[in-house]
Structure formats: C-alpha cells, structure tokens
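Data block below; observations after.
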Amino acid sequence: MGSLKGKGTLSHRHPSQAGAGFLAGQAPRCVDQANLDMNILQLLRERFAQALQNLGVEDPQRWAEHVVVAREERFGHYQANLAMPLARVLKRPPRQIAQQIVEHLPVQDICHQVEVAGPGFINLRLAVEFLQRQLLTLKNDPRLGVPQTAHPRTIVIDYSAPNVAKPMHVGHIRSTVLGDCLYRVLKFLGHRVIGDNHIGDWGTQFGMILFGYKHLRDPQRWEQAPVEELARLYRLVNQLITYHQKRQQLPQLEKQLVLAQEQLQQLQNQPEPASGPEAKKHRRHLRRLQAQVQELQAQVQQLQETLAQVENDPQLASLAQRWPNLEQLVLQETAKLHAGDEENRRLWEQFMPPCLEVLQRIYRRLGVQFDVTLGESFYHDRLPGVVQELLELGIAQESQGAVCVFLPDQQAPFVIRKSDGAFLYSTTDLATIQYRMERWAPDAILYVVDHRQSLHFQQLFATARLWAKRLQQLGRRSPLTKLLQTELTHVSFGTILGPDGKPFRTRAGDTVGLESLLEEAVEHALRIVSQNDEAKPHGPELSPEQRRRVAEAVGIGAIKYADLSHHRTSDYVFSYEKMMSTTGNTATYMQYAYARIRSILRRGQVDVQALRESPQEPMLEHPLEQQLAWTLLRFPEALEEVVQDYRPNLLTNYLFEDLATCFTAFYETCPVLQAPEGPTRYTRLVLCDLTAQVIRKGLELLGIEVVEQM
RNA sequence: GCCCCCGUAGCUCAACUGGAUAGAGCAGCGGACUUCUAAUCCGCAGGUUGCAGGUUCGAGUCCUGCCGGGGGUGCCA
C-alpha cells in the first residue's frame, strides 16, 4: 500500500473527518417517469400532459413537470406554474393559455376545483370523494401506495467501507447509515440494488497487525480473545508510528510557528493603510495570520501532548526506542503480504474471519446489511492488468517513474502506479469498476463517501469513462463499454462535528470508537425512556427488559435519524441531547408518535386486519381528516424525491413536518375512540392505522425500528 | 497560486430546479393537562436570502465581481 506518510489515519475510504461540499454526478439519475400510479402528483402530471398534447404543445411531458405540490395551503393542494414560461414559446398571453389548459384538463374525477389565478397560475383542489376513494385503496395496500417501478435499474451502492484491522469510528457512521438508507429506499421502489462493502483488507493497517502479531503479541490474550488482541496490537503499532511521525514533525511545526509569529509581528508593526482596497487587504492578511498562529500553537501543543503520552510511559517509550524505523518495517510486512509471502498470507487468512466478525457485530447492532463484501484484496490480481491496459490504450503514461493519467482541464494527474511499483487506491477503484461492469453491468454506481474525496472521484470517473470510450472506439468487446451509459455518482457528505464545532474527536484528539458511541447513546436513551415511563399518569408500564429493548431502538435510531435528517452535504454537530430530544425532528419523537397511535388501537381493541380489509369507504368530514388523508397519499412522492438527489432528509422532513405535524393536529381535535360508533369513528381509526403504517415504513426505510409501547 | 463546495430567522432544514406575501421545526415569549400517552397542542415574535451589479414580465435559485467559511491540490485512503 505504500508510504505511511501523509495525512490519513489509515482507514479505508474514510481516513478521518472534516468539511463540506459535494460533486454532482453527470449521468442520468434514478428519476422514474411513468412510475407511481397511486402517486397523485404523477397522475395530475399525466392529465396535464394529455391536455397539453391536445393543445398541440411540444414535449408535453416536460411541461407537465411544472405541476407541483402547492406552495401554500390557500393555493389548494397542487399548482401548475407553466402558463407563464409557455407564453414565451406560444407567444400568447399566459392567462389565456392557462384558461385553455384548464378547459382541456380531464381532472373531473380528481379535483373539485381548478382555477386560474394571478398572471396564470393554475390551482388545483382535490375532491373529497377522490381522497376517500384513494384512501380506501391505500388502507389495505401493504406497499402503502408505493408501486414497484416500471423501469427497474441495476444499482451498485458502495458504502461503509471500513478498515478491517481497525475499529470502526465515528467517521464511518454517515457512509454506513446513508448508504443503507438509499439501499432500502431504492430496493423498495423496485430497483435491483447491490450493496457492496468495499472494505480495506489489504493495506498498511494489515502490515501493522502482522508486525504487531509477530513482535508484540501477548500469548495469553491472544488465546483468550484474539480479536481484541488484534485490535490492541493495531492501536499499539499505530500509536508508535504516529509517535515517530510526530517526533519528526515537531521541529518543522515549531519553525513554522516562529515564522508565522514573526510575520505577524512585522505586519502589526507596519502602519495600516488609511483606507481603500489596500487597507482591506492589510486587515485580511492580518486576520489570516492571527488565525494561522493560533492554529499552529494549538497543533504544537497537541503534538507535545501526544508525544508525552508515549514518553511518560516507560513501556511505550522503550518500544518506541526499540524500533525507530517502525514505519519501514510495517511497510515491509505489507509488501511481503502482497508479494505472496507464505507466512504473511497464512496469517492474513487467519486474521480475516475474526476481524470480519467484529465488523459484523456492529452491523448487526445497526441493522445494516450488504449483498457482497468485496474488499481491496479481492481485486489484487487485477491491478497489474488494469495499469497495463491503460498504458496500452494510451490513456496512462509513465511520468517521473510513476504511471499517471493526465486528464484534460486538470493540473493534477491521476496516479495509478507509484514509482516504487506499488498500486494505489485509484488502481483498486478502477479494477473495481471493471469488475462491477463484468458482473452486474449496472445502470448506476453510487459511492457514498465523504466530500473530501470529490477530486479522487472526479478523476476516477473521468478515467474510467475514457477507458470505456477508447475500448468502444477500437471496437473491442468489453463489458466496460456499457459504462458510457452508466451513472457514476459520488454521493458525498459532510463532517460530524463535536460540540466545539470541530471534527468529532476525543479530548486527546483520537477518533471516537463507533461501538462506545452506540453504547453511550443507548445508555442515554435508557434514562429518557425510564424517566418517561415513571412519569406516566397511571404508573410505569414497562418491565426492565422492555425498557432495555426500547432504549436500544431509541438510542440507535437517534444516531441514525440525526444523520439522515440533516442535509447530507452539510456538517452537523453530534449531540446526544439534541438527537434524543423528545420534541422536534428526531427519531425519538417519531417513535413516540408511532407508539401513541398503536396505543390508541390497542386501547380500543381494534381489529386492525378487519379494519384494513373492510370494503367500506372512509368518510372525510373534518378538514383535518382530509388534510391527513392527503398527506398519507403523498408518501410515494416523498420517496421519489429522496431518490432524485439521494437525500434521505427529504423523507424525514415528510415524516415529521408533514405527517406527524398533521397527525397531531388531527389527534388534538378529532377524538377517535370517543367518537360515536359509525363512519366517523371508522374513518378516524383508518387514518390512525395508516399513519402508524406510514411512520413505521418510513422509519424502516431509514433503517430505524419502532416499538409498540414506550 | 490553482480547483471544488457552501453562505436563507439565534440553531437545523425547506422553498419540487426561474414563479404568488421566502416556509417549517427547535430554542425564546405567552397560553392550554381530573389525557385517546402533555415525549403534546395553540398563539406570538423572529428575514435587506453574505455584499454589489447584471440577465427578464419575475431571481434565494442563472451570470460576473467582491466578502466570509470549509475542503482538495503528483505518487495516503
């Protein structure tokens, strides 16, 4: 895998933590046109397309997309803002066009009111009868109105991707949780989805445990708990290597600090320009330098602390002294593994199963699954061939001893083989694309990886496309040529921050282990659950065992929901308090809402199955009932939006802002069990049951569990 | 230096891809519990969409230039 230098903390795909941003994919997205027959929006768009076609408008489908959910309640349920732009094309007044569309619009069975407003907005109000009919179908639909797509695509999702030799940490949450959610949603919509955990099982970190095993192993611990021992060895070797690196860095860093301080001093002594752009520049420069000095001071201090940790521990200090060139030794172990050294291969095979088991333990707890787990080692054999082929095709060339791909409009080359002959992350990723095309010929490959790797993916995608294109030009038959029709998207995401607004770390500057993080969340949840249970008006209802189960769902759910409810490209602050707040947009609130509804059905001894199977059409009298019915019917629309830009927070928005809010309003004003026996009570029970089902399904698609009672 | 991303209420997000008076939720303030689980609900307040131009019937959204923040940048992943 190469040098240990560099800034990574030696984790696969997710080296550490920081910043925000994302790179848009360039190929077609997972948008599906003629998809949802129970999707009201889709239905209306189709009707608009018909009307437009009759009016002789070109490309009616595209224009019909201007039909959207009404921006405000007073505009009705849906609105169409297409007459204005259409006016430019048809060269007629927009109001007139709107009027004409309305006259040709076949929506009598859907809407009870269609009106033209303002400069040419078309506002649509759904008919109560329509809502009632739809609700009747919906209430016994296990898919809750979400049809299977008519155009299934094959989609590979590359997510989680931890390093096997190293414990998972906070940096793995987002990729794992986001990827899992997208996996669930796409699958539910009827696509053929392949979840691939591209683990790091062949890199330097393995060299570390090989070295550790050979020289630092505690035989007794190894006998008793091999996995824990390997983790300990990894941490130990890593700590020693880091020590040496930092030892080397310190003088330089100190020099930098002095330099920056001098510069600052100098600038401060200079007379400040009176005004104008010069003064501005001066101030800006000053600010930057001040920030730099502060940053450097903090770094130096942290570095010294890290060094002291080793030096003040006699055992660690002696180990550090014993192997001053540990880095090289570890690299040698890695190189031997790659070269097929018998002993290292044997150890690798011995280590892998327990390492995978550790990962599996976390995935089980998180409820995350993969279809395949093909790590770096799996592609090992392909790497020389990939480089060879790219050289032959003239896509790559030798430069300064390394093999590089020089891409147009990019100053930095894409290095695919180092000057020492070793392969890189880039090589493996190319081989992985090749393999995925051979095996699945996917329509899309999604990489759920943090935003800092956007350049890498830009280069990777460009290189892979170049490769496919050249093969096609040469008329060679290769599964790779299909890549030209394949969507390649870097689903990037921002950083999880600590309370200080900096990447989430322990006080010592280490990353936080994922397992302890989950543990703490569940503990926190247990306190909340117990507190609530004890405060119930008729006394506690949950046994200790039940409380523990609920706490597990609440704690894990909170972490996931916090992640998924934020815009994926932005950073967010990790806080147990916030994520388990009982008010607001949290899993806890949604789970509670679910439990509450279930409690109603339980208390009323409602036969849910009979309720769902009843042929009786609900009767929506109260405006809030109608509102709730409509919101329930919009579930498919929400999922469609999620998939459009791979944004789960649009699902959480729907569940909380639209559905839960609407439900509680209904719940406050429309008594359910106390309503007189008959259509009203029946309808309200149906609404309750459906809300519960949609919440449950929605949370399930987010990878979050519900509980019947809490 | 160069490249990429971001900037909307104190905070977290919307605004359906150029449409109507920029909307929600937290937090803040004021109300409502012998409850269908108050882990709730109702109301109030909160904005020059970082700044300045431009494109047009119409800009938070598109273009240009600034300001501010983050990330990346030839052999880490």
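These numbers were taken from a predicted model, which means no experiment stands behind them. The sequence lines fix the lettering, A, B, ..., with proteins before strands; numbering per chain opens at 1.
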Within the 4.0 Å heavy-atom criterion, would you say [X] contacts the bases, only the backbone, or no part of the nucleic acid?
X: A/F75; result: base
X: A/E541; result: nothing
X: A/P85; result: base
X: A/T583; result: sugar-phosphate
X: A/S419; result: base
X: A/A412; result: sugar-phosphate
X: A/Q411; result: base
X: A/Q400; result: base
X: A/C662; result: nothing
X: A/A535; result: nothing
X: A/R598; result: nothing
X: A/S565; result: nothing

**Prompt:** Can A/F121 be classed as stacking with the base of B/G19, given a centroid separation cut-off of 5.5 Å and a plane angle cut-off of 30°?
**Reply:**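 A/F121 vs B/G19: stacking no.
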Minimum-distance nucleotide to [X] side chain [options: [options]]:
X: A/I528; options: B/C13, B/A20, B/A39; result: B/A39
X: A/S599; options: B/U37, B/C3, B/G25; result: B/U37
X: A/L424; options: B/A77, B/U37, B/A20; result: B/A77
X: A/V68; options: B/U17, B/A15, B/U21; result: B/U17
X: A/E376; options: B/U37, B/A77, B/A20; result: B/A77

Is [X] close enough to [N] that one of its side-chain N or O atoms is under 4.0 Å from OP1 or OP2 there?
X: A/Y592; N: B/A39; result: yes
X: A/R603; N: B/U37; result: yes
X: A/T669; N: B/C42; result: no
X: A/S570; N: B/U12; result: no
X: A/H567; N: B/U12; result: no
X: A/N649; N: B/A14; result: yes
X: A/Y589; N: B/C41; result: yes
X: A/K578; N: B/A27; result: no
X: A/R71; N: B/A15; result: no

Let me know the distance between [atom1] of [X] and [atom2] of [N], rounded to the nearest Å.
X: A/L82; N: B/A20; atom1: CG; atom2: P; answer: 15 Å
X: A/Y572; N: B/G69; atom1: OH; atom2: P; answer: 25 Å
X: A/I600; N: B/U40; atom1: CD1; atom2: P; answer: 15 Å
X: A/H451; N: B/C4; atom1: NE2; atom2: P; answer: 15 Å
X: A/L407; N: B/U73; atom1: CG; atom2: C1'; answer: 14 Å
X: A/E398; N: B/G74; atom1: CD; atom2: C1'; answer: 14 Å
X: A/F493; N: B/U12; atom1: CZ; atom2: C1'; answer: 19 Å
X: A/Q459; N: B/C76; atom1: CD; atom2: C1'; answer: 14 Å

Which whole number of Å gives the distance between the [atom1] atom of [N] and that of [M]?
N: B/U56; M: B/G74; atom1: P; answer: 43 Å
N: B/G18; M: B/C62; atom1: C1'; answer: 8 Å
N: B/G47; M: B/A22; atom1: P; answer: 12 Å
N: B/C16; M: B/G1; atom1: C1'; answer: 40 Å
N: B/U64; M: B/U17; atom1: P; answer: 23 Å
N: B/G69; M: B/G60; atom1: P; answer: 26 Å
N: B/G30; M: B/G23; atom1: P; answer: 26 Å

**Prompt:** Between A/I416 and A/T463, is any pair of side-chain heavy atoms under 4.5 Å apart?
**Reply:**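 A/I416 does not reach A/T463 side chain to side chain.
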[N]: pairing nucleotide in any strand, Watson-Crick or G-U under 3.5 angstrom:
N: B/C11; result: B/G25
N: B/G1; result: B/U73
N: B/C41; result: B/G31
N: B/G65; result: B/C51

**Message:** Tell me whether the count of non-hydrogen atoms from other residues, nucleotides or ligands lying under 6.0 Å of CD in A/Q531 goes above 12.
**Reply:**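 At most 12 heavy atoms, drawn from other residues, nucleotides or ligands, come within 6.0 Å of this atom.
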Side-chain-base donor-acceptor pair under 3.5 Å for [X] and [N]:
X: A/N653; N: B/A14; answer: no
X: A/S399; N: B/G74; answer: yes
X: A/Y667; N: B/U40; answer: no
X: A/N123; N: B/A20; answer: yes

**Residue met sooner reading RNA chain B from 5', once A/A117 and A/G584 are mapped to nucleotides** =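 It is A/A117 whose nearest nucleotide is closer to the 5' end.
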**Request:** Using the closest heavy atom to pick a nucleotide of RNA chain B for each, name whichever of A/R88 or A/V415 lands nearer the 5' end.
**Result:**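 It is A/R88 whose nearest nucleotide is closer to the 5' end.
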**Asked** Hey, does the side chain of A/N39 reach the backbone of A/Q42 with a donor-acceptor pair shorter than 3.5 angstrom?
**Response**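 Side chain of A/N39 to backbone of A/Q42, a donor-acceptor pair under 3.5 Å: yes, one is there.
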**Request:** Please report the C-alpha distance between A/Y447 and A/F457 in whole Å, then the side-chain angles of each, then the deciding distance to 0.1 Å, and finally whether the ring-ring contact (aromatic ring centres under 6.0 Å, His included) criterion is met.
**Result:** CA-CA 9 Å; A/Y447 294 84; A/F457 285 108; 4.9 Å; yes
Between [X] and [Y], how do the two ring planes meet: parallel, tilted or perpendicular, split at 30° and 60°?
X: A/Y379; Y: A/H198; answer: tilted
X: A/H566; Y: A/Y572; answer: parallel
X: A/Y589; Y: A/F656; answer: perpendicular
X: A/F574; Y: A/Y576; answer: perpendicular

**Syn or anti for B/U21 (syn when the glycosidic angle lies within 90° of 0)** =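 Chi for B/U21 falls in the anti range.
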**Asked** With distance as the sole criterion, is a donor-acceptor pair present between the side chains of A/Y594 and A/E708 under 3.5 Å?
**Response**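 Yes, because at least one side-chain N or O of A/Y594 sits under 3.5 Å from a partner of the opposite role on A/E708.
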**Request:** First locate atom OH of A/Y234, then atom CG of A/N163, and finally report the distance between them rounded to the nearest 0.5 Å.
**Result:**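 Reported value, rounded in 0.5 Å steps: 6.5 Å.
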